[in-house]
Amino acid sequence: MPALPLYMDYNATTPCDPRVIEALVPWLGAHFGNPASRAHAFGWEAAAAVDLAREQVAQLIGAETSEIVFTSGATESNNLALKGVFEKYHQKGKHIVTFATEHKAVLDTCRHIEKSGGEITVLPVDKEGRPDLEELEKAIRPDTILVAAMYANNETGVIMPVKKISEIARRHNVLFFSDGAQAVGKIPVNVNTDGIDLLSVSAHKFYGPKGVGALYVRRRDPRVSLAPLIDGGGHEKGIRSGTLNVPGIVGLGKACVIAREEMEQDAVRLAALRDYLEAQLLLLPDTKRHGDKEHRLAHTAHISFGNTNAASILQQIGKEIALSTGSACSSADPEPSHVLLAMGLSKTEAVSSLRFSLGKYTTKEEVEYVVQAMKGLSSKF
Ligand SMILES: *Cc1c(COP(=O)(O)O)cnc(C)c1O
C-alpha cells in the first residue's frame with residue numbers, strides 16, 4: 001500500500017526536487033548577500049549565483065540571458081506581460097485577444113485592463129479545448145497589440161497550437177504572449193521556434209520552490225518593451241524592482257537544469273501511468289474524458305463522473321488522496337470550472353469532473369490505489 005495521504009495534484013503545485021533544495025539552502029544561510037551590492041564579496045557571489053540561474057532558465061527555453069526577468073511566479077509574470085504591454089503600446093492600440101480557457105491570472109488581468117480603457121476579445125475554444133485559428137485571424141484588428149494564449153492548460157492539460165498562433169500574430173505585426181506555467185519544464189518549449197515574444201514561467205510547477213518565476217521578454221526581432229508593475233531600485237533592468245529572491249532563483253535555475261535532462265523520460269513514464277489510470281476510470285459507469293487527446297500534457301487526466309458532485313467525492317477521499325476539481329487558484333469558489341464550460345460541458349458535467357495530475361514521484365502503486373478508491377466510491381455514486 002502506498003504512503004497516505006497520496007498526492008495526485010501536481011498541476012496545483014509540485015514538491016521541490018531534493019536536488020533543488022540542496023542547491024538553494026546555502027543561499028538561505030551563510031551566502032546571504034544582496035546581488036545588488038556591487039562593492040563587496042557578499043554581493044558578488046550572490047550576483048554570480050543569480051547570473052548562473054539566469055543562464056539555466058534561458059537555456060531551458062532557448063532564450064538569451066538578457067531576456068530573463070525574475071518575478072515572484074507566473075501570476076506576476078502574467079500581470080507584467082499584459083499590463084506592461086498595454087501601458088507601453090497604448091499609442092499603437094488598446095486591443096488584446098485571448099482565449100476563454102486561460103488561467104484566471106490572465107483573464108482577470110484582462111478584465112482589469114478593460115476597466116482601464118482597454119478592449120479585450122476572448123475567443124471561444126472547441127469541445128476539445130482547442131482554438132479556431134480562423135476566428136483568431138478575424139479577431140485581430142489594426143489596433144490589436146497583443147495575442148495571449150497559454151502553452152498548456154492547467155485543468156485539462158490541453159496544449160495550444162502555440163506556433164500557429166504566433167505565426168498569425170506575427171503576420172499581423174502583433175506581439176504574442178504565452179503563459180507557460182504548465183508547459184515549461186514538462187515539454188520542450190523554445191521561444192524562437194515557437195515564435196513567443198513573452199513567456200511566463202513558474203518554478204513550483206516543475207519541482208522548484210514557490211514564490212519565484214520568470215518572464216521571458218524578447219529583445220530582438222522584435223524588441224519588446226514593457227512598463228514595470230513595481231517601481232523602485234531599478235532591478236532587472238528597471239522592469240521589476242525589488243531585491244532578488246536569491247534562494248528561490250537558485251532553486252529555479254536548478255529545476256531548469258534537471259528538467260532539461262529528465263523531462264523527456266519522465267513524460268514517457270507518466271503518459272503510460274496516465275493512460276492506465278484513464279482507461280481504468282473510464283470503465284466506471286457514466287464516466288467521460290475531457291480535452292484533446294492528441295495535443296496534451298502526459299500527466300493530466302480530466303474525467304467527469306455522471307451526476308455525482310466532484311466536491312463530494314473530494315470530501316470523501318480528500319484525507320487519503322489529494323485531487324482537485326480544477327484550478328487550485330479558484331477552488332475557493334464552488335462555481336463550475338470556466339475551462340470546462342468553455343469546452344461546452346453542461347454545468348452538471350462540469351461540477352462532476354475531477355482532475356488527476358501526476359508527477360515524477362507518482363508510482364504505479366499510487367495509481368492503482370486511486371483506481372481502487374474510485375471504484376469503491378463509484379459503487380455508491
Ligand atoms: C499555476 C499557474 C499560474 C500561477 O502561477 P504562480 O507561480 O502560482 O503564480 C498561472 N498560469 C497557469 C497556467 C498556472 O498553472
Side-chain angles (χ1 to χ4, degrees), residues 7-16 20 57 60-61 68-83 98-112 122 125 129 131 148-160 162 165 177-187 189 194 196 198-216 229-230 240 242 245 248-249 251-253 255-256 259 291 295-300 302 322-332 337-340 342-343 355-359:
Y7 194 71
M8 203 170 275
D9 198 16
Y10 279 79
N11 287 15
T13 194
T14 58
C16 256
V20 168
V57 176
L60 181 63
I61 60 171
I68 304 300
V69 175
F70 289 116
T71 67
S72 64
T75 299
E76 184 187 332
S77 296
N78 290 351
N79 271 266
L80 177 56
L82 290 159
K83 292 174 183 168
T98 188
F99 294 89
T101 47
E102 291 294 306
H103 192 272
K104 289 283 181 196
V106 167
L107 291 175
D108 287 356
T109 304
C110 286
R111 290 287 155 256
H112 182 105
V122 180
V125 295
M150 69 201 320
Y151 210 112
N153 188 275
N154 47 302
E155 296 191 30
T156 58
V158 170
I159 298 172
M160 294 290 259
V162 165
I165 294 172
F177 156 57
S178 187
D179 174 352
Q182 292 290 344
V184 173
K186 315 265 182 61
I187 55 174
V189 173
D194 292 332
I196 296 170
L198 295 137
L199 175 76
S200 293
V201 176
S202 174
H204 77 98
K205 298 294 174 69
F206 65 109
Y207 313 100
K210 291 166 189 54
V212 63
L215 180 66
Y216 159 79
L229 289 180
I230 302 173
R240 206 278 193 177
N245 170 4
I249 288 167
L252 167 59
C256 289
H295 307 97
R296 59 169 172 164
L297 298 171
H299 58 275
T300 309
H302 216 308
L323 293 174
S324 153
T325 54
S327 163
C329 316
S330 52
S331 56
S337 145
H338 72 281
V339 173
L340 297 179
M343 289 161 62
R355 176 182 73 186
F356 302 81
S357 51
L358 288 60

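One-based numbering, in listed order, for ligands and for the atoms of each.
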Any N or O of [X] that comes nearer than 3.5 Å to an N or O of ligand 1?
X      : answer
Asn11  : no
Ala181 : no
Asn154 : no

| message | Between Ser178 and Ala149 (side chain of the first, backbone of the second, donor and acceptor by atom type, cut-off under 3.5 Å), is there such a pair? | response | yes
| Contact with ligand 1 for His204, non-hydrogen, under 4.0 angstrom | yes
| remark: Nearest non-hydrogen contact to atom 2 (C) of ligand 1 from the set His103, Lys205, Met150, Lys210 belongs to Lys205
| query | Should one rank Thr75, Val201, Asp179 by closest heavy-atom distance to atom 13 (C) of ligand 1, which comes out on top? | reply | Asp179
| query | What atoms of ligand 1 come closer than 4.0 angstrom to any heavy atom of Ala74? | reply | 3 (C), 4 (C), 5 (O), 6 (P), 7 (O), 9 (O), 10 (C)
| Residue Gly73 vicinity, atoms of ligand 1 by number, heavy atom under 4.0 Å | 7 (O)
| message | Quick check on His112: does its NE2 atom have over 12 non-hydrogen neighbours (other residues, nucleotides or ligands) under 6.0 Å away? | response | no
| query | Heavy-atom contacts under 4.0 Å between Ala105 and ligand 1: side chain, backbone, both, or neither? | reply | neither
| request: Check ring-ring contact (aromatic ring centres under 6.0 Å, His included) between Tyr7 and all other residues, then give those that pass, not counting sequence neighbours. | output: Tyr10
| Among all residues two or more places apart in sequence or in another chain, which pass the ring-ring contact (aromatic ring centres under 6.0 Å, His included) test with Tyr207? | Tyr361
| query | Looking only at heavy atoms, which two atoms of Ala203 and Leu252 are closest? And how far apart? | reply | CB-CD1, 3.6 Å
| task | Nearest 0.5 Å please: distance from the CG atom of Leu323 over to the CZ atom of Arg355. | result | 9.5 Å
| field | Derivation of the side chain to side chain donor-acceptor pair (under 3.5 Å) call for Thr109 and Asn78 | value | CA-CA 8 Å; Thr109 304; Asn78 290 351; over 6 Å; no
